[in-house]
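Here's the structure we're looking at; comments come further down.
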Amino acid sequence: MTIRRFLLALSLAVSPAALSAAPVPKEKLLVPPANADHFVIVSQAGKHGDEWRWTLPDGSRAYRESILLRGLIFEVDEVAKLDANGNVVSRVIRGVTPSGDAAETYSLSGNTANWKSPVDEGHSDQAEGKYYFSSGGTFSGSDVAIKALLEKGPSGLDLLPSGHGAMTASRNLKVSGPGGDKTIQLYFINGIGQQPQPIWLNLDKSLFGSVGGLGFMPAGYEKNLDAMQAAQDAAIAAMAPATARKFLTPAARRPILFRNVKLYDADQQRFLTGQNVVVRAGRIVSVGTALPKLAAGARVIDGTGKTLLPGLWDSHMHMSDDFGALNELALGVTSFRNPGGTIELAQSQKRRRLNGTLLAPEGFTSVIVDKAGPLAAQGSIAVKSLADTLAAVRKIKAAGMTGVKFYTSMDPAWIPPAAKLAHQLGLHVHGHIPAGMRTLDAVNAGYDEITHIYFATMQAMPADVVAKSNTTLRMMGPGMYFKDVDFNAEPMKSTIATLAKRKIVVDPTLVVVESVLTNEAGKISPAYTSYVGTVPPAVERGFRAGGLPLPDGVTRDQVTKSFDHMVDYVGVLRKAGVPIVAGTDGQGMELLHELELYVKGGMTPAEALYTATLGPAKNVKADRRTGSIAVGKEADLLLVDGDVEADVGNLRHVDKVVLDGALLDGAALRKEAGYNGMPK
């Protein structure tokens, strides 16, 4: 089953786990025949890969995938053998992913099933009637699972290793291609992820494709990508008003008194005890130790033993749909910065949020600009010249977005004039650093912000790493070499001083580096340990994904030391006066671990919290109206159980969220977002 694999491929930090054995090389994988069904993997930036599907002489279904995604390589084949009733009795996945061996096996004999994947292995003596949900494989390999789910109808199907899935039908769409015009239908798979997962089928119920960050569809139908995405977004948007009505009630907008809370004062980066805070008409109207006179009908919330904070910010969340927005809100995030999203979704979410039909944090969206070619970022505006680049900047401004994000394959010569234009138009300039450029080259070219801590290390990296930083070397290079870098010696001494003097913001996403460099297959990533038992089994299985395979002669201990040094680096940058903003580049639930890493690197909890409250508000020039608890500011607040000053991890214990003055219950938000309890 490949729905989970599809979700992983959408992540900007792809990290499927690797087994210890060497993967089957590309040359020994299956070769599709000339009459195989041909699919393509595409995005708005262009084509990223191919897949083929065919039937073997013994009746088994075969699949072959070849993808190059921003330097990440997938070369995988898959064979599924079915019995006379269409049940999968064996499945074999082979090949290589960006993180190593894709090897996975499943077998069914009678009522007994056995499986082994890159993240786990297991056995069931009660497998009859259940479907094995693989951790990897190809996109097109999901066709068998779709057939099995559809046959069960609304009641759904039990899954292995665990869980339950079902499919529901949505809207139709007409598409055109070399096979002629056809009508396809959108379905949603429930029970696999925290929220329904979209998939497109032909009217005969066979797999057509899927969209969302990456598109998968029959070759020749690529021109339908935007229409499919728009129809899918509209179908998801149609679900949103019901959720908004459930939470954004007149009662939720009554005045509120938070009584006797411990308050995080982001303006002074300190905690204050015994505070009383009043919210009325969407604004903070009173803060202090005095108990004010309340309006009739006001709600009083006892804050004893709790901490009240500004609503959190996730400064690196690639928002792909409304479900992701709801998930962020359930985690206490009331504002996010999308450093690379679609203009259409950003405009739609802003409009619907303002008219009260979408329950979501406030979003601030940048758009990715990258040079056209095989390593172009998915979803980017792909440019071929300086003129194209300047036109892209103007398009981003005209669309009402807040920033432009340049990427790793950009021509360095195009950055200075494009950044100059962006600044003239009032846009924020940030991003990955193009291959061939070092950290200070980007700063001198006009960057206001460096995205990912590994790009903030590029000043000290060897020339061969800098030259190929649009491949996985952007992470593995710092993983190999940064442990030996001296912050008090050149070139880092001048780099740190320059970043501080010019107030260049750094968006570290340490959680991404940790997952890529230090995680071992089969072990739960530290970012997710608190969420075990609160999410669907397939999501939790993904928590066990491992890191990138290491080059010969490099050990996990060595790259872990480099990662630990990057944790220290963030602390050093902050102490020097470099603005830090916390983001996840993941599912959102990683944000609290990001802050824990900042504390590990030397920040106090109050300093770490600034990177997820007032700091990011200043970064997008919204700090005059939000980001801290102050009279007159918008009422975006978070109430958590426990003392956050004593343990930043208590931020996971969301009790209440106040969004634009509306009081939302944390437990109800978690349930709506697909969690079945409060994280540990």
Side-chain angles (χ1 to χ4, degrees), residues 13 15 18 71 98-100 408 432-444 447 450-502 504-520 525-527 546-578 580 585 593-594 596-603:
S15 56
S99 294
T408 46
H432 292 203
I433 296 178
M437 296 178 73
R438 296 184 182 272
T439 308
L440 294 184
D441 293 330
V443 172
N444 292 330
Y447 274 41
I450 306 297
T451 303
H452 302 302
I453 194 64
Y454 41 86
F455 284 115
T457 73
M458 282 296 156
Q459 200 69 30
M461 289 300 104
D464 59 335
V465 171
V466 175
K468 296 183 178 180
S469 61
N470 56 344
T471 70
T472 55
L473 270 179
R474 64 182 176 271
M475 294 173 280
M476 192 52 65
M480 289 187 290
Y481 301 115
F482 197 65
K483 62 182 175 58
D484 299 317
V485 169
D486 185 348
F487 300 139
N488 296 312
E490 298 298 349
M492 295 309 297
K493 184 177 180 180
S494 295
T495 300
I496 294 167
T498 301
L499 294 176
K501 180 180 179 180
R502 298 177 64 169
I504 304 299
V505 178
V506 174
D507 165 23
T509 63
L510 285 171
V511 287
V512 172
V513 187
E514 182 179 49
S515 68
V516 168
L517 293 182
T518 73
N519 286 1
E520 296 182 12
S525 169
L548 285 171
L550 303 178
D552 290 343
V554 179
T555 67
R556 193 67 68 186
D557 179 66
Q558 289 173 318
V559 296
T560 298
K561 288 179 179 178
S562 285
F563 168 70
D564 289 341
H565 206 40
M566 289 184 223
V567 172
D568 294 337
Y569 185 29
V570 173
V572 168
L573 288 170
R574 190 264 165 202
K575 188 174 182 179
V578 177
I580 305 294
D585 197 13
H593 186 56
E594 180 80 7
E596 288 173 330
L597 290 170
Y598 294 173
V599 172
K600 181 182 178 182
M603 294 189 204

Residue list, side-chain contact (heavy atoms from CB on, under 4.5 Å) with Thr560, at least two apart or on another chain: Thr518, Arg556, Asp564
Separation between CE (Met603) and CG (Leu597), nearest 0.5 Å, reads 10.5 Å
Quick one, Ile453 and Thr509 - any side-chain contact, counting heavy atoms below 4.5 Å? no
Met476 and Pro549 have their tightest heavy-atom pair at CE-O, 3.7 Å
Within-4.5 Å side-chain heavy-atom neighbours: Tyr569 and Met492: yes
Are any side-chain N or O atoms of Thr457 and backbone N or O atoms of Met566, one a donor and one an acceptor, separated by less than 3.5 Å? no
Quick one: ring pair (Phe, Tyr, Trp, His ring centres under 6.0 Å) partners of His452, sequence neighbours excluded? His316, His432, Tyr454
Here the gap from Phe455 atom CZ to Thr439 atom OG1, rounded to the nearest 0.5 Å, amounts to 9.5 Å
Check for a donor-acceptor pair, side chain of Glu594 on one end and backbone N or O of Val511 on the other, with a separation under 3.5 Å. yes
Listed partners of Ser494 passing side-chain hydrogen bond (donor to acceptor under 3.5 Å, both in side chains), at least two apart: Glu490
Does Ala576 have any side-chain contact (heavy atoms from CB on, under 4.5 Å) partners at least two apart in sequence or in another chain, and if so, which? Ile496, Ala500
Would you give the length of the straight line joining atom NZ of Lys561 to atom CG of Leu517, rounded to the nearest 0.5 angstrom? 15.0 Å
Gap separating the CG atom of Leu573 from the OG1 atom of Thr495, nearest 0.5 angstrom: 9.5 Å
Answer whether the closest heavy-atom distance between the side chains of Val506 and Val570 falls below 4.5 Å. no
Between Thr555 and Gln558 (side chain of the first, backbone of the second, donor and acceptor by atom type, cut-off under 3.5 Å), is there such a pair? yes
Sorted by chain and residue number, the side-chain contact (heavy atoms from CB on, under 4.5 Å) partners of Ala467 (sequence neighbours excluded) come out as none
Search all heavy atoms of Ile433 against all heavy atoms of Ser469 and return the closest pair with its distance. O-OG, 3.8 Å
In sequence, state the C-alpha distance, the side-chain angles, and the governing distance for Val505 and Ile450, and then conclude on side chain to side chain contact (heavy atoms under 4.5 Å, CB included). CA-CA 6 Å; Val505 178; Ile450 306 297; over 6 Å; no
Do Asn519 and Ser525 have side-chain atoms, one donor and one acceptor, less than 3.5 Å apart? yes
Between the CG atom in Asp507 and the CG atom in Asp585, the distance rounded to the nearest 0.5 Å is 8.0 Å
Pairwise side-chain contact, Tyr598 with Val567, heavy-atom cut-off 4.5 Å (strictly under): no
Check Asp441 against Gly436 and note the closest heavy-atom contact, atom names and distance. OD2-O, 4.4 Å
Which heavy atom of Pro98 sits nearest a heavy atom of Leu548, and at what distance? O-CD2, 3.0 Å
State whether the side chain of Arg474 and the backbone N or O of Thr471 hold a donor-acceptor pair below 3.5 Å, judged by distance alone. yes
Look at the side chain of Gln459 and the backbone N and O of Leu440, then say whether any donor-acceptor pair between them is shorter than 3.5 Å. yes
Once rounded to the nearest 0.5 Å, what's the spacing between atom CE of Met458 and atom CG of Leu473? 8.0 Å
Pairs under 3.5 angstrom only: tabulate donor-acceptor contacts from the side chains of residues 477-489 to other protein residues two or more places apart or in another chain.
unit_1	atom_1	unit_2	atom_2	d
Asp486	OD1	Asn488	N	2.9

Exercise: do Arg438 and Asn444 side chains pair donor with acceptor under 3.5 Å: no
